[in-house]
Amino acid sequence: MTDNIWKRDEIESPCVKICVVHPETRTCTGCWRTIDEISSWSRMTPDARRAVMAALPDRRAALSVRRGGRAARLSRGGES
């Protein structure tokens, strides 16, 4: 199987083909881009893409912190 659709001459996308959007932050937990960044990626300038790419490591660290799991959802009233 070839994956030519994912190969382009522009700056590489951080997409890892695991698209799961965090419900509160609206950030993909696969590539750490926001929904707006993902949808506008093909129209962004190379400089704008580089800026997003530079921000991703900090986002990952911030969003990787566990939020308490089921117990935290119950205490917030998010699950019955």
Side-chain angles (χ1 to χ4, degrees):
M1 181 174 129
T2 62
D3 213 3
N4 293 334
I5 195 167
W6 298 100
K7 309 276 190 247
R8 294 185 174 178
D9 292 333
E10 61 214 21
I11 187 171
E12 190 174 323
S13 168
C15 181
V16 294
K17 302 178 202 167
I18 300 173
C19 304
V20 178
V21 177
H22 187 281
E24 293 173 9
T25 64
R26 295 181 37 116
T27 301
C28 175
T29 59
C31 69
W32 304 105
R33 291 180 293 170
T34 65
I35 295 297
D36 292 336
E37 290 166 344
I38 293 168
S39 64
S40 63
W41 189 259
S42 64
R43 297 181 308 277
M44 285 182 170
T45 65
D47 286 338
R49 290 182 189 164
R50 282 196 252 320
V52 170
M53 295 289 280
L56 298 180
D58 290 337
R59 291 181 192 176
R60 181 177 182 174
L63 292 173
S64 292
V65 175
R66 290 199 45 105
R67 297 176 298 140
R70 184 172 187 270
R73 285 192 304 276
L74 288 172
S75 70
R76 291 191 304 259
E79 187 177 314
S80 42

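Judged by distance alone, with hydrogens and angles left aside, the side-chain atoms of Arg50 form no donor-acceptor pair with the main-chain N or O of Thr45 at under 3.5 Å.
Every side-chain contact (heavy atoms from CB on, under 4.5 Å) that Ile35 has, sequence neighbours left out, goes to Val21, Arg26.
Shown are Cys19, Ser13, Pro14; of these, the side-chain contact (heavy atoms from CB on, under 4.5 Å) with Cys31 is made only by Pro14.
To the nearest 0.5 Å, atom CZ of residue Arg33 and atom CZ of residue Arg49 are 9.5 Å apart. To the nearest 0.5 Å, the span separating CZ on Arg59 from NE2 on His22 amounts to 13.5 Å.
Leu56 and Trp32 make their closest contact through CD2-O, 3.5 Å (heavy atoms, listed as atom of the first residue, atom of the second, distance).
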